[in-house]
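Here the structure is a predicted model, which means the values were calculated and not measured.
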Amino acid sequence: MGGGNGQKAKMAREKNLEKQKAAKGSQLESNKKAMSIQVRFLQTLGLICFVSLILFRYFICYFSCKVPGNLLILLYR
């Protein structure tokens with residue numbers, strides 16, 4: 001048969017200690033890495049949105065000079 005509660009608690013503490021040793025690095029370090037990935041993603045997304053806005057404005061100017069008439073009608077045909 002298995003032993004008393006004290007022995008079971010000691011075994012559980014030893015298992016938890018082994019699990020903690022197996023995990024390398026701290027949680028703060030992993031959080032910093034995750035934040036850096038999020039920042040890179042958001043910077044890239046912001047750049048894509050900015051370039052898209054610039055290109056949209058360029059095409060608006062281009063078509064307004066090339067095509068007479070209402071530009072909105074041409075865009076939604």
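Rounded to the nearest 0.5 angstrom, Lys33 NZ and Leu28 CG are separated by 12.5 Å. Atom CD of Gln38 is separated from atom CG of Leu45 by 13.0 Å, given to the nearest 0.5 angstrom.
In the hydrophobic cluster analysis, where Ile, Leu, Val, Met, Phe, Trp and Tyr join through side-chain heavy atoms closer than 4.5 angstrom, Leu47 is grouped apart from Val39.
Looking at heavy atoms from C-beta onward, Ile48 lies in side-chain contact with Ser52 at the 4.5 angstrom threshold.
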